[in-house]
Amino acid sequence: DEHHALFLTNRCNSRCLMCSQPPTAHDDGWLVQEAIDAVRHIRQAPANLGITGGEPLLLGQQLRQLLDVIHQQLPHTTLDLLTNARLLVDPALAHGLLQGLATPVRWLVPLYGAADFVHDHVVQAPGAYEQTLAGLLTLQEHGQAIQLRIVLIQPVLEQLPTLCEFIGRNLPFVQEVALMACEPTGYALANRELCEVDL
């Protein structure tokens, strides 16, 4: 099996209309130590390892601790880290997480519109659009690889050409753009009229 992921938290600062795993508010910080223990028990290093949640950036310096352990234990493993990047607007968090980061990470960041009213509606968090763009710029400033992820639900599909043009003109440093189908579970079931589309 070449597809492995570490689940770090179920907490999130967004409530996306199509979230396949609705977040919870309880403290699940023990998952980070469990992930560190799991990494230390891996005998055959995978080429790639996923980091996911919830929102991993909510872990702050614990996330950096995990990334450093992965680099020590699995120096040839690359990481795909799924995050909304919003918390990277905090300079202290961004510096502590990204400065001198030796582990090769590709940051998988959702972007759902070329305007705040679209993106913020999809993620159900006012101000998220500006925070996401600031987070993307912070990742770019630190030379990090970025993949944008666009889940194709109705509000996104209606604006998709505009979003693609926006990315091409304003985010040329992005390495990849992934167009993704919606998983029919979690919040997507409650928002079926927006999420259940025929691609």
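It should be emphasised that the depicted structure is a prediction, and the values quoted were computed from it without experimental measurement. Reckoned from all heavy atoms, side chains included, excluding hydrogens, waters and symmetry mates.
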I'd like to know if the side chain of Arg86 pairs up with that of Ser14 as donor and acceptor (distance under 3.5 Å, no hydrogens or angles considered).
yes
Is it the case that over 12 heavy atoms from other parts of the model lie below 6.0 angstrom from the CD atom of Glu183?
no
Before giving the answer on side chain to side chain contact (heavy atoms under 4.5 Å, CB included), spell out for Leu111 and Arg149 the whole-Å C-alpha distance, their side-chain angles and the decisive distance to 0.1 Å.
CA-CA 6 Å; Leu111 186 65; Arg149 303 196 129 198; over 6 Å; no
Could you tell me whether the side chain of Thr77 and the main chain of Ala45 form a donor-acceptor pair under 3.5 Å?
no
From CA spacing to verdict: side chain to side chain contact (heavy atoms under 4.5 Å, CB included), Leu31, Phe7
CA-CA 7 Å; Leu31 287 169; Phe7 176 76; 3.8 Å; yes
What are the two closest non-hydrogen atoms of Leu194 and Ile153, and how far apart are they?
O-CB, 3.4 Å
Under 4.5 Å between side-chain heavy atoms, hopping through other hydrophobics if needed: is there a path connecting Leu163 to Leu199?
yes
Side-chain touch Gln175/Ile146, heavy atoms, less than 4.5 angstrom
no
Please tell me if the side chains of Glu176 and Arg106 come closer than 4.5 Å, counting only heavy atoms from C-beta onward.
yes
Any non-hydrogen side-chain atom of Leu97 less than 4.5 Å from a side-chain atom of Leu57?
yes
Does a donor on one side chain and an acceptor on the other come within less than 3.5 Å for Gln72 and Asp68?
no
Using a cut-off of 6.0 Å, state whether more than 12 heavy atoms not belonging to His4 lie near its atom NE2.
yes
Aromatic rings His119 and Tyr112: how do their planes relate, parallel, tilted or perpendicular, breaks at 30° and 60°?
parallel
Rounding to 0.5 Å, atoms CG (Asp120) and CD (Gln131) come to a distance of 8.5 Å
In this structure, CZ of Phe166 is separated from CG of Asn170 (nearest 0.5 Å) by 4.5 Å
Polar side-chain atom of Thr78 near backbone of Ala47 as donor-acceptor pair, under 3.5 Å:
yes
State, yes or no, whether a side-chain contact exists between Val39 and Ile36 at a heavy-atom distance under 4.5 Å.
no
What is the minimum heavy-atom distance between Leu88 and Leu98, and which atoms define it?
CD2-CD1, 4.4 Å
What residue among Thr83, Asn10, Thr9, Asn13 forms side-chain hydrogen bond (donor to acceptor under 3.5 Å, both in side chains) with Glu55?
Thr83
Looking at CG of Asp80 and CG of Leu49, how far apart are the two atoms once the value is rounded to the nearest 0.5 Å?
9.0 Å
Are the side chains of Leu136 and Leu148 in contact, using a 4.5 Å heavy-atom criterion?
yes
Once you round to the nearest 0.5 Å, how far does CG of Asp28 lie from CG of Leu59?
7.5 Å
Provide the closest heavy-atom pair for Thr138 versus Ala94 in the form atom of the first, atom of the second, distance.
CG2-CB, 3.7 Å
Looking at every non-hydrogen atom in both residues, tell me the closest pair between Val109 and Asn84 and how far apart they are.
CG1-O, 3.9 Å
Have a look at Asp37 and tell me which of Gln33, Arg40, His41 forms a side-chain hydrogen bond (donor to acceptor under 3.5 Å, both in side chains) with it.
Gln33
Could you tell me whether the side chains of Gln124 and Arg15 share a donor-acceptor contact shorter than 3.5 Å?
no
Would you say Phe173 and Leu139 make side-chain contact, with heavy atoms under 4.5 Å?
no
Measuring from atom CD of Gln65 to atom CD of Gln61, what distance do you get when rounded to the nearest 0.5 angstrom?
9.5 Å
Linking I/L/V/M/F/W/Y whenever any side-chain heavy atoms sit under 4.5 Å apart, do Ile150 and Leu108 land together?
no
Hydrophobic clusters here meaning ILVMFWY residues chained together by side-chain heavy-atom distances under 4.5 Å, can you tell me if Phe117 and Met18 are in one?
no
Give, for atom CD1 of Ile51 and atom CG of Leu6, the distance between the pair rounded to the nearest 0.5 Å.
4.5 Å
For side chain to side chain contact (heavy atoms under 4.5 Å, CB included), just list the numbers for Val156 and Val151, CA-CA rounded to whole Å, side-chain angles, deciding distance to a tenth of an Å, and then say yes or no.
CA-CA 8 Å; Val156 178; Val151 179; over 6 Å; no
Within the supplied structure, the quantity of interest is the number of heavy atoms (other residues, nucleotides, ligands) at a distance under 6.0 Å from His26 NE2; does it exceed 12?
yes
Leu160 side chain near Glu158 side chain, heavy-atom distance below 4.5 Å
no
From CA spacing to verdict: side chain to side chain contact (heavy atoms under 4.5 Å, CB included), Trp107, Leu82:
CA-CA 6 Å; Trp107 301 78; Leu82 181 58; over 6 Å; no
Spell out, yes or no, whether Val118 and Ile167 are grouped together once hydrophobic residues are joined by side-chain heavy atoms under 4.5 Å, including indirect joins.
no
Side-chain heavy atoms nearer than 4.5 Å, only ILVMFWY residues, links allowed to pass through others: does that put Val89 and Leu87 together?
no
Any luck finding a side-chain donor-acceptor pair between Arg64 and Gln62 under 3.5 Å?
no
In terms of heavy-atom contacts, Ala128 and Val123 come closest through CB-CG2, 3.5 Å
Are the side chains of Leu152 and Leu179 in touch, meaning some heavy atoms are under 4.5 Å apart?
yes
Nearest atoms (heavy-atom pairs only) where Val122 meets Pro155
CG2-CB, 4.2 Å
